[in-house]
Amino acid sequence: MNRNPYSPHTEADRREMLAAIGVSSVDDLLGAIPADARRPALGLPAGMSEAEVQSHLASLAARDRPAGAGPFFLGGPVQRRYIPAAVPALAYRGEFLTAYTPYQPEISQGTLQSVFEYQSLMSELLAMDVVNSSMYEGASAVAEAALMAVRLTGRKRVVVATEVYYQYRETLRTYARGPELEIVEVATRDLAPSAAGAACLIVQHPDALGTLVDVRPVADAAHAAGALCVQVTEPHACALLEPPGKLGADIVVGEGQPLGIPMSFGGPYLGIIACRDALVRQLPGRIVGETRDANGTRGFVNTLQTREQHIRREKATSNICTNEAIAAIVASVYLALMGPRGLRAAAGLGVERAHRLAERLSALEGCRIGDEGPFFDRFLLATPLDERTLHDALELDGIEAGGVAGADGYPGRSGLVVQCTEMTTEAEMDALVRGVTRIVTGSGEKAAAG
Amino acid sequence: MRLPASGATTAAPVLEPLLFELEREGRAGRHVRGGENADALIPAGFRRGEPLRLPQVTESQVVRHYMHLSEVNYSVDTGMYPLGSCTMKYNPKVNDRVAALPGLADLHPRQDDASVQGALALLWELERMLVKITGMDAATLQPAAGAHAEFTAMLVFKAYHAWRGEGATRRRMIVPDSAHGTNPASAAMCGFEVTTVKSDARGNIDLDALTAALGPDVVGLMLTNPNTLGLFEERVRAVCDAVHAAGGLVYGDGANMNALLGLTRPGDLGLDCIHINVHKTFSTPHGGGGPGAGPLCVKERLRPFLPGPGVVREADGTFRRSSDDRPRSIGRVRSFFGSFGVLVRAYAYMRTLGEEGMVETSEDAILAANYLAARLKGRYALAYDRPCMHEFVLSAAAQKKKGAAALDIAKALIDEGFHPSSVYFPLIVPEAMMIEPTETEPKETLDAFADALLRIADRVESDPAPLHDAPLTAPLRRLDEVTAARHPVLRWKPPSRP
């Protein structure tokens, strides 16, 4: 019996193959491996049946508390969103899921057309000319956008707002160690005055704390200084807000996870990167383009490949090879199912609930919305309590209250970043209001009525 | 293949209309409703001006659209993928199912450690298994893919040399001429100059050329072993010793790890680190291009520089995220912990196989590759005639002289019902055809594939010209890639918009 349950070979098969090769055992083929390093004992556990594996994984999963098991206000780049039933049913079909990168377009039109449609749908949403077929996730997409701006301008100074997601800024700093870029972090309001000598200004709208940002003056200042404007955005926000292409952004990046992809404890996700037509030759990653076959039938192929590592090696625009193609297909199925009304509804429900919740919380004694100005679907809740104390106290109540702004690395901020989406229920909001009331004001009664 | 008509009319013949070509104003689903009051909460200057022009289609149209597209896509679920360097083995279904368990799929990466103990336990166990398999001491699970792991490792090397006070002088990375394109691209992203060293007549790194390239300015060597010729580096220890003697580090590109499970450990051969493409070796589905995951395993001396956080187990058996063991960390290389959903699938696969199953995996992969090489080498030139590991490279140079290039042979394979092998890689073999059957194809499939290539070889002898028109039976004929690149059409545009 086979030790690998997925091995199809019988002992007779193996004997026939060995005979055809002209050796008596597999060991005869391993002569190049140093003898003293051959067949080490690894110390791994023995194999399991499928039923045992299922049961083992289920027991691990049972030790976790999934989102929705209690009131849930975590968000930011990764959001709890409704996933229509048809999304996994279609996108995770084996024909898509188990396909390789479409290097043979004649038999890969399913992947290629689906990714072309992703590029088209995302271009509409962002109002940008070109979207690539995907990056790993949001943070590395931001870093690649900065590298792209560095190549385009020949400058090595990157200015990023401190209201950009802290994970994105940290990843940018890591990437910057490679080409030894100067990373300057300033408040969003100080981006424009910092444009001189910069390769790009990186602005996030809505920002990490949910606040709406006027991107146009940032883009104008960047352009006046010969720099590029990189906007970090979120797909749902673009359904309701003026999209980046209308605000002067040259490169747009973001996290595509909210478009039908499970949160899955951090990945795999979908890195969005888009640019203006004129910049496409410096865009990293694969791009699908339309063409015709020998009969004149429309078809799709990987194109502009002279940017890529398998052709250009050390002169490529990026080292990216494996990307997140299936996530791009998930996003396109999601956008097709939701349509313009569905996407606006999902985004709008988050906005409505965030505003209603903010109003109720800021009515509590000592509580206020920590950032001035209009916000989108999340906000900073500032209270007289230390942010971590409040967070942990809510956690004990079973409430996932959101990020802690100060500790997370948003200078000058303190409090909880509270995210709402179409999944946020009235009961969850009641629970948060009740919890904050009890912990901050010491009274649980008032909120129960509110 | 003929698909049922959707009713859409298009200007030119199409395989399947685009979503935008299926729409009618007013069609809408009911997946989410409400939110109409949001606009009033957004100041006018911030509101979207132009309508959102996504297609308006019904769910049934969407379902048929993607079902039609799925029918014109080759996949492991539908057939063999003999793609060298890609390890397109069968992807077990149970791995997809466990990754979708709510207790794993519905976790936000910022949940507190106490609420994700199962996920952390899984990652901790996975890390330990990877470290044991590779013979290393520590790992980071963050990198999203092989190339991402390469870049991570280059940053680790840079930080290591800088910490030793040699950051300013060590600026040059050595890459063999048989390496994947990602290797030099990753080194370049790290600001390193790339020196290419050639291979010798047996397909090994030319030790003399390597020695000549080494010096006090060298960061290290990027080594793929077995290399992209499918050959185990015969003097791997001498190669590593030479790099170390020059003060450099040896990076292992683990793309070909499927040949080594339980047969040898890179850590025992002198490598300082190695990444694992779990979407190759550990069978996670490739998704038409991704996602992958590229855990990076390192020796103790590189641990302090790894991206954080990792997972540690406390004395009481609980788990927490921590960067305590990486005081000189390069920082994070992505937002969160890594491609968790991919890692869950890999973990399930590894637990299914266990140690004995893994050893058999690599044995069978090597057996299948050598068997195919034995069946084919009489008709196609074997680039290096010695036992291969999990893959081998043929050259169609002789066939090209007769009128059919590697590309034509690849396209003819499509008409035989097979996905083509990798072609024109590695770059050092003219008209290269790189074949990796993996361990999960039955012998009868291996034989059918060999028979197909032999039939094509016969056609090249007798009448090569028709091969230029292949494929004839695929959903599409050959596509015009030149026009696609010269006049890029990268998105659908409404007819009214130029």
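Residue numbering restarts at 1 for every chain, and letters A, B, ... go by the order of the sequence lines. Note: hydrogens, waters and symmetry copies are ignored here, and every other heavy atom, side chains too, is used.
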| request: For residues Met338(A) and Ala346(A), report the shortest heavy-atom separation together with the two atoms involved. | output: CE-CB, 3.8 Å
| remark: Turns out that what part of Glu255(A) lies under 4.5 Å from chain B's heavy atoms comes down to neither
| message | Heavy-atom pairs under 4.5 Å with chain B: which of Ile326(A), Asp64(A), Thr101(A), Leu44(A) has the most? | response | Asp64(A)
| Tell me, side chain or backbone of Arg177(A) under 4.5 Å from chain B's heavy atoms, or both, or neither? | both
| query | With only heavy atoms counted, which part of Pro471(B) is less than 4.5 Å from chain A, the side chain, the backbone, both or neither? | reply | side chain
| field | Closest-packed option against chain B by number of heavy-atom pairs under 4.5 Å, given Pro45(A), Ala62(A), Gly350(A), Ala139(A) | value | Pro45(A)
| request: Go through Ala374(B), Gly49(B), Ala145(B), Pro285(B) and name the one with the most non-hydrogen pairs under 4.5 angstrom from chain A. | output: Pro285(B)
| task | Can you tell which part of Pro55(B) gets under 4.5 Å to a heavy atom of chain A, answering side chain, backbone, both or neither? | result | both
| Interchain contact, Tyr165(A) with chain B, by part (heavy-atom threshold 4.5 Å) | neither
| task | With a 4.5 angstrom heavy-atom cut-off, could you sort out which part of Met358(B) is near chain A: side chain, backbone, both or neither? | result | side chain
| Heavy-atom pairs under 4.5 Å with chain A, option from Val236(B), Ile414(B), Leu367(B), Asp96(B) with the top count | Leu367(B)
| request: Kindly say whether the aromatic ring centers of Phe151(B) and Tyr175(A) come within a distance under 6.0 Å. | output: yes
| Under a 4.0 Å N-O cut-off, is there an ion pair linking Arg14(A) with Glu439(B)? | no
| message | So for Leu90(A), is it side chain, backbone, both, or neither that comes closer than 4.5 Å to the heavy atoms of chain B? | response | side chain
| field | Set of side chain to side chain donor-acceptor pair (under 3.5 Å) partners for Glu422(A), sequence neighbours left out | value | Arg81(A)
| field | Which portion of Met129(B) sits near chain A, non-hydrogen atoms under 4.5 angstrom | value | both
| task | Using a strict 4.0 Å threshold on nitrogen-to-oxygen distance, state whether Glu50(B) and Lys246(A) make a salt bridge. | result | yes
| Proximity breakdown for Arg33(B) and chain A, heavy-atom pairs closer than 4.5 Å | backbone
| task | Let me know if His65(B) has heavy atoms under 4.5 Å from chain A in its side chain, its backbone, both or neither. | result | side chain
| said: Is Leu155(B) in contact with chain A via its backbone, its side chain, both, or neither, using a 4.5 Å heavy-atom distance? | reply: side chain
| request: Pick one of side chain, backbone, both or neither for Arg27(B), based on which atoms fall under 4.5 Å of a heavy atom in chain A. | output: backbone
| task | Determine the option with the most heavy-atom pairs under 4.5 angstrom with chain B, choosing from Ser7(A), Ser140(A), Gly342(A). | result | Ser7(A)
| request: Measure distances from Val26(A) to the heavy atoms of chain B and classify the residue's part below 4.5 Å as side chain, backbone, both or neither. | output: side chain
| Relative to the ring of Phe336(B), is the ring of Tyr269(A) parallel (under 30°), tilted (30 to 60°) or perpendicular (over 60°)? | perpendicular
| said: Applying salt bridge (Lys or Arg N to Asp or Glu O under 4.0 Å), can you list everything that pairs with Asp469(B), at least two apart in sequence or on another chain? | reply: none
| Checking Leu269(B) against chain A: side chain, backbone, both or neither under 4.5 Å from a heavy atom? | side chain
| request: Against chain B, label Tyr92(A) side chain, backbone, both or neither, depending on which of its atoms sit under 4.5 Å from a heavy atom there. | output: neither
| task | Walk me through it: do Arg312(A) and Gln305(A) pass the test side-chain contact (heavy atoms from CB on, under 4.5 Å)? | result | CA-CA 9 Å; Arg312(A) 291 296 297 280; Gln305(A) 294 188 74; over 6 Å; no
| field | Side-chain donor-acceptor pair present, Ser108(A), Asn73(B), cut-off under 3.5 Å | value | no
| request: Let me know if Leu101(B) has heavy atoms under 4.5 Å from chain A in its side chain, its backbone, both or neither. | output: side chain
| message | Do the side chains of Arg3(A) and Glu360(B) get close enough for a salt bridge, i.e. N-O under 4.0 angstrom? | response | yes
| remark: chain B shares the most heavy-atom pairs under 4.5 Å, among Glu170(A), Glu308(A), Arg38(A), with Glu170(A)
| remark: Comparing Val14(B), Leu18(B), Leu122(B) against chain A, the one with the most heavy-atom pairs below 4.5 Å turns out to be Leu18(B)
| field | Side chain / backbone / both / neither for Pro88(A) at chain B, heavy atoms under 4.5 Å | value | neither
| field | Heavy-atom pair count under 4.5 Å with chain A, highest-scoring of Ala410(B), Ala187(B), Ser186(B), Pro387(B) | value | Ser186(B)
| Are Tyr100(A) and Tyr74(B) close enough that their ring centres sit under 6.0 Å apart? | no
| field | Interchain contact, Tyr66(B) with chain A, by part (heavy-atom threshold 4.5 Å) | value | both
| request: Taking Ser264(A) for its side chain and Ala105(B) for its backbone only, find out whether a donor-acceptor pair lies under 3.5 Å. | output: no
| said: Is Lys89(B) close to chain A through its backbone or its side chain, or both, or neither, when contacts mean heavy atoms under 4.5 Å? | reply: neither
| said: Please classify the contact between Glu441(B) and chain A as side chain, backbone, both or neither, with a heavy-atom cut-off of under 4.5 Å. | reply: backbone
| message | What's the separation between atom CG in Asp293(A) and atom CG in Asp480(B), rounded to the nearest 0.5 Å? | response | 10.0 Å
| Does the gap between the ring centers of Tyr82(A) and His31(B) come in under 6.0 Å? | no
| field | Max heavy-atom pair count under 4.5 Å with chain A, selected residue of Leu479(B), Asp106(B), Asp39(B), Leu231(B) | value | Leu479(B)
| With a 4.0 Å cut-off, would you call Arg478(B) and Glu106(A) a salt bridge? | no
| Which residue out of Ile330(B), Val94(B), Val359(B) racks up the most heavy-atom pairs below 4.5 Å with chain A? | Ile330(B)
| remark: dist Gln119(A):CD -> Trp492(B):CH2 (nearest 0.5 Å) comes out at 15.0 Å
| query | Contact part of Lys158(B) toward chain A, heavy-atom cut-off under 4.5 Å: side chain, backbone, both or neither? | reply | side chain
| field | Backbone N/O of Asp112(B) and side chain of Ser115(B): donor-acceptor pair under 3.5 Å | value | yes
| field | Expected output: side-chain Glu124(A) to main-chain Ser120(A) donor-acceptor under 3.5 Å | value | no
